[in-house]
A.B. asks: 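Please read through the structure below; I'll follow up with questions.
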Amino acid sequence: MADQARPETLREALAILSDGGRVAAAGCTDLFPATESQTLPGAVLDLTAVSGLRGISATARGWRIGATTTWTDVLRADLPPAFDMLKQAAREIGSVQIQNAGTVAGNLCNASPAADGVPPLLALEAEVEIASVNGARRLPLARFIAGPRRTALRPGELVTAVHVPMDTGKGRSRFLKLGARRYLVISIVSVAARVVETDGVAEALALAVGACSPVPLRLTEVERALAGRPVGELAEALDVGAVHAALSPIDDVRAEAAYRREAAVTLLRRALADLTGQGRR
Amino acid sequence: MKDTGAIRLTVNGARHDMIAPPGRRLSAVLREDLGLTGTKVGCDAGDCGACTVLLDAEPVCACLTPLARAAGGEITTVEGLTDETGTRLKAAFLRHGAAQCGICTPGMLMAAAALLRRDPSSDRAAVEDALGGVLCRCTGYAKIVDAVLDVAGQDRPVTAATGAAVGAAIPRLDGGPKVDGTESYGADLFPAGALLVRVVRSPHFAARFAFGDIAAWAPEGVRVFTAADLPGENRFGTIPPFADQPALAEGCVRMRGEVVAVVAGPPEVVEGLDLDRFPVEWMPEPPILTLDDARAAGAVQLHGSREGNILIAGRVRCGDPGAALDGAEVVAEVAIETPFVEHAYIEPEAGAAWMEGGVLVIRACTQAPMMDRDDTARLLGLPPERVRIIPAATGGGFGSKLDITLQPYLGLVTLKTGRPCRMVYTRRESMASTTKRHPARLRARAAADAAGRLVAMTVDGDFDTGAYASWGPTVAVRVPVHASGPFRVPNYHAEARAVHTNNPIGGAFRGFGVPQAAILQETLFDDLAIRGGFDRLAFRRVNALRDGDRTVCGQRLQGVGIGACLDALAEPWRDALARAEAFNAAHGGVRRGVGVASCWYGCGNTALPNPSTIRLGVTAEGRIRLHQGATDIGQGANTVIAQICADALGVAVADLDLVGPDTALTPDCGKTSASRQTYITGKAAEMAGRALRARILAMTNMGEDAVIRPEPGALRVSDGRGERRIDLVALEPDGNGYVLAAEESYDPPTGALDESGQGVPYAVYGYGAQMAEVEVDMGLGTVKVRRITAAHDVGRAINPALAEGQIEGGIAQGLGLALMEEFVPGRTENLHDYLIPTVGDMPEIRSILIEVPDPEGPFGAKGLGEHVLIPTAPAILNAIRHACGARITRLPARPDRVLAAMREAGR
């Protein structure tokens, strides 16, 4: 028999979770499509009533995005330009209906290779805050997503928030999505780029690509080669070979692998050109 | 908090204490527990948005919202959309013809209301963003967006004066319930206590199977039926001589999704059953999944009598194409491949059954009630008159709801148990098990002389017709007749074969194979024009059929409108080419292109009888009843047939009461397919109207110009010279209870095709030409269709607004066919892997209605429903090639394929 717990405090939620065998649920935008049943199957821990889990706040060390913050919440939040890519991704996740229900932590925990929320958060060097009855820990997002549909969550653990450090919440950012139609579409490729510019030079930058590897990927090698260059040269100087080497896309019903590689380069260049004031194309 | 205790829900301002699991889908709570069936369910996965409701003023998918989440919030459904914004929206939807089948309408209304309540002055971009999460398969979205943008507009309903209904853009007569959420679809109505029916389907493409201990598996109160329980002949098919499909498989399955057992019982029990544990042992066999494997020497034969897995081959031959091709000045050749295409109506198959006296009543979505009745009766071993089919409002069909699906299972359960029952397909079941557009692998050669006149064409191709016959014969026969396009081709040979595989069934889908053939022919004609140095539009105009010309079947045509359609595009064509050239001179990364394609399509069955019968009756009370048996799946038959009938009889449309469709109440109007209802049922309605009018005028000795006005108990008939009154109460009623009546049948005058395909396959053809303007991203291969200019010869536009709606909807499906739709059996059985266009994918559409009257059609009218889809894909493909050189031969034109083709072309 399906059963559902809907606690109102985190302590209660963690206690229920520690009993094991429960699926944490928030927006249910991935859980319901996975079943044809009219009721969520199995034992479910609904987190949406837990106080303190929803919303975005500035902290002394950066920004905290609560686990059950919806994509609509992200869109409406007052955030600096480094988060523009996150908002641009929020707008591309499913539809308005999905954005009103789907949550940031849900997107991470679902761990889809094509999750649009992940590349921007990788480019923000987000950390995932995890709690259990035994305490809390933090993991860099890149380590949290362990593989396609796999995370580093241990039994009894829950994502409670995503943190963006002050340092990486800087610069301007851009998210680009390529899909076979305008709305409600799974990405063929998505890219996120963030550039911190000082006196016309890229002091720091972050690039991430989605849907081109088992998990969305930060392109650290590529970034290193570009750091310190004049921003106007970034798009042109992007090392195509290094991007291709980093990615491991597959052929599927949406596109062929070779195309994904090429499109990732094109989109990265466009994102960089957009950010550095060069006209597109 | 376990699932005990009541959950308080506020819906449309009313409080309800629900005893239901907290994890139950809000959509199920609203529909099943509260009876608010205005909220529709299309996918149970958030992919279609039909179930959109407002939760605290924000749109959410009710199917993704657990009951507990909605507790404590304010829920608004379409039933509660009664504020000023909501009322105005509904009126605007009706005024603009924004609802066709109507199944997406509640979701669209809710999404739009959420936007307009927040920002009443939203612009087009904001409206598209807001509606992007609701899929519509009928309208092409144009009139929906127009309605939302015009929410503040004045409500000035178009009315038609008596005798002037034909040609008037009146709102659809059945539109009211569609825009207020009260329309009743297959899943919306069932008797109290109805058993829930589910079926066990094959997960394999090909397998033998044996049942285990079913009795031990079935919980108490649950009944299971298999082929052994079917009282009648376990074989059905839309074309009787080819009928080959069992309703319940016997020992072997030939396709995924084939049904082996029916399970019925109390809903709360049956809903929770895990049918994966049903006791059936599968012994999979190597499936045949490609045309090559099906036709290979020694291939397993799916059906014993069909050698080489060929169901049927259709042929048309005239002249000597071989010789003409050899000596021609300009020759071109193309080969194309198209995939399975899914109809993707938003309403999955649904219905209910019950007994009324000794008659089995089945109320379900359908396009063909009489065929449903006859097939279901045969399967159940009943005489046809003991089965009554009441078509529910049908949430889109496009050809797939011509074939029976759940009717025999509903019928079997009610017949065996004596209890009412109901059934709704899941989205996955619907996509896995119902018919698809045939994949095609086609080749053609054509030649022109130095002046650009076509001299010859050959076409050869295979269509994957899947496991069972369905409409495969129709496709194989239609394609050779149409593959020349509406052009003079003096030397012609075309052959098309329908080939069996273990894939889903290739059935009827808007155009019966002609859209695939048009992609072949129209891209080939671009090749010829380019190679010969002719303007692409002018090349088509030079070769277009004219009145008195003979088709490749030797049929002499009258009322040919293709020339007029192409002429209507001449100026837009010049302008678009100039615009594209100017744009391309200034841009490099994005290039624009223009393409054109044409269509023709014969209305009704190919060289086979397909009559329609219309009954008109006047009651003693003075009501005029129009028995209209043509199912309206959104295309507008309920309105158009009434408009024709009203003018023929000489009364106002409002004077007619619509009856039916219902096999117990309406004479046979055939199936809603082959673009036949406006023409054939319309003609029957015209004849019935004129017959009743003649009778009334004779009774009153009035002149031809007399006006008939019904009033309580009487008809008042007047002409310039005076007025007479028929006292209806004084007349003797007939067997149907009518004091005056007329019933007329019409069957198109066609003639059989000989072995060379020569004859008169259709009595009426419709014509069209479309021009696409596209923009191709040279770096990504993505294609944005900017504008489509569509000229369609409808003979006579009975209702111009509905005609435009057909054009816009057909273009949306054609755009999907060209750019994104590809059904991969076993892989894309949902609406997020199988993509259909969203509101954001649609171009601006300019419709041009051409009226070249047909000598045979009612008021000169021709069919339109399928024509509108045919030219879109080839026009887009030709525009892509014009923009960037990419010659797409494998559809859809996904970005990766466009980019690869661009490279091949050296760009």
Side-chain angles (χ1 to χ4, degrees), chain A residues 1-8 25 27-42 44 46 48-49 70 72 91 94-102 178-186 188-189 252-260 262-263 265-267 269-270 280-281, chain B residues 1-3 21-25 28 32 44-47 49 52 55 58-61 63-66 68-69 111 114 128-130 132-135 271-272 426 428 587-590 778-782 819-820 822 824 827-828 830 832-833 835-841 894-896 899-900:
Chain A
M1 182 64 201
D3 101 83
Q4 187 168 6
R6 195 162 191 256
E8 293 178 356
C28 296
T29 57
D30 290 309
L31 289 180
F32 265 129
T35 178
E36 290 179 349
S37 168
Q38 291 306 304
T39 301
L40 281 175
V44 173
D46 181 345
T48 54
T70 67
T72 299
R91 202 171 277 120
S95 59
V96 173
Q97 288 88 328
I98 303 298
Q99 292 152 24
N100 282 334
L178 171 64
R181 71 177 177 190
R182 175 64 192 89
Y183 297 106
L184 273 173
V185 68
I186 297 172
I188 297 171
V189 179
D252 68 7
V253 292
R254 285 174 266 281
E256 288 181 3
Y259 172 80
R260 284 193 156 96
E262 188 174 347
V265 169
T266 303
L267 291 173
R269 285 200 158 130
R270 287 183 186 176
R280 279 179 68 178
R281 295 148 213 175
Chain B
M1 217 197 311
K2 291 278 168 66
D3 49 328
R24 187 161 160 85
R25 297 180 197 259
E32 300 268 319
D44 266 346
D47 296 327
T52 299
L55 176 55
E58 304 280 4
V60 295
C61 289
C63 75
L64 301 183
T65 307
R69 183 81 39 77
E128 289 190 3
D129 281 350
V134 189
L135 297 179
E271 191 185 291
T426 64
R428 185 169 59 100
H587 298 79
V590 193
M778 301 298 285
L780 294 172
T782 48
L819 298 182
M820 65 184 78
E822 179 166 22
V824 183
R827 172 65 187 83
T828 60
N830 59 62
H832 55 263
D833 289 319
L835 303 180
I836 65 171
T838 68
V839 65
D841 300 297
R894 296 191 324 207
D896 56 338
L899 199 66

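Per chain, numbering begins at 1; letters A, B, ... match sequence-line order.
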A.B. asks: Is there side-chain contact between B:V134 and A:Q97, with at least one heavy-atom pair below 4.5 Å?
C.D. replies: yes
A.B. asks: Less than 4.5 Å to any heavy atom of chain B: does that hold for the side chain of A:R260, its backbone, both, or neither?
C.D. replies: neither
A.B. asks: At a 4.5 Å cut-off on heavy atoms, which part of B:E32 comes close to chain A: side chain, backbone, both, or neither?
C.D. replies: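 Neither; nothing under 4.5 Å.
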A.B. asks: Quick one: what part of A:Q99 sits under 4.5 Å from any heavy atom of chain B, side chain, backbone, both or neither?
C.D. replies: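 Interface part for A:Q99: neither.
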A.B. asks: Please classify the contact between B:V60 and chain A as side chain, backbone, both or neither, with a heavy-atom cut-off of under 4.5 Å.
C.D. replies: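 Contact with chain A involves both backbone and side-chain atoms of B:V60.
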A.B. asks: For A:T29, which atoms come within 4.5 Å of any heavy atom of chain B: side chain, backbone, both, or neither?
C.D. replies: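 Both parts, backbone and side chain.
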A.B. asks: Can you tell which part of B:A111 gets under 4.5 Å to a heavy atom of chain A, answering side chain, backbone, both or neither?
C.D. replies: side chain
A.B. asks: Using the side chain to side chain contact (heavy atoms under 4.5 Å, CB included) criterion, which residues pair with A:L184? Sequence neighbours excluded.
C.D. replies: A:S95, A:R181, B:L135
A.B. asks: Using modelled atom types and a 3.5 Å cut-off, is there a donor and acceptor pairing between side-chain atoms of B:D896 and backbone atoms of A:E256?
C.D. replies: yes
A.B. asks: In terms of heavy-atom proximity below 4.5 Å to chain B, should A:L31 be classed as side chain, backbone, both, or neither?
C.D. replies: neither
A.B. asks: Sort out for me which of B:D833, B:T52, B:L64, B:T65 touches chain A most, counting heavy-atom pairs under 4.5 Å.
C.D. replies: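 Heavy-atom pair counts peak at B:L64.
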A.B. asks: Going by distance alone, is a donor N or O of one side chain under 3.5 Å from an acceptor N or O of the other, for B:D129 and A:Y183?
C.D. replies: yes
A.B. asks: Can you tell me which portion of B:L899 sits under 4.5 Å from chain A's heavy atoms? Options are side chain, backbone, both or neither.
C.D. replies: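 It is the side chain, since no backbone atom gets that close.
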A.B. asks: Ignoring hydrogens and geometry, is there a side-chain-to-backbone donor-acceptor pair from A:Y259 to B:L780 under 3.5 Å?
C.D. replies: yes
A.B. asks: Side chain, backbone, both or neither: which part of A:V96 has a heavy atom under 4.5 Å from chain B?
C.D. replies: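 Both backbone and side chain.
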A.B. asks: Non-hydrogen atoms of chain A under 4.5 Å away: do they reach the side chain of B:R69, the backbone, both or neither?
C.D. replies: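 Both backbone and side chain of B:R69 come within 4.5 Å of chain A.
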A.B. asks: Strictly distance-based, threshold 3.5 Å: is any side-chain N or O of B:E58 a donor or acceptor partner for the main-chain N or O of A:N100?
C.D. replies: no
A.B. asks: So what's closer than 4.5 Å to chain A heavy atoms on B:D47: side chain, backbone, both or neither?
C.D. replies: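 The backbone, not the side chain.
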A.B. asks: For B:E271, is it the side chain, the backbone, both, or neither that has a heavy atom closer than 4.5 Å to a heavy atom of chain A?
C.D. replies: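 The answer is the side chain of B:E271.
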A.B. asks: Between A:I188, A:D46, A:D30, A:V44, which shows the greatest number of heavy-atom pairs under 4.5 Å with chain B?
C.D. replies: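 Between A:I188, A:D46, A:D30, A:V44, the count favours A:D46.
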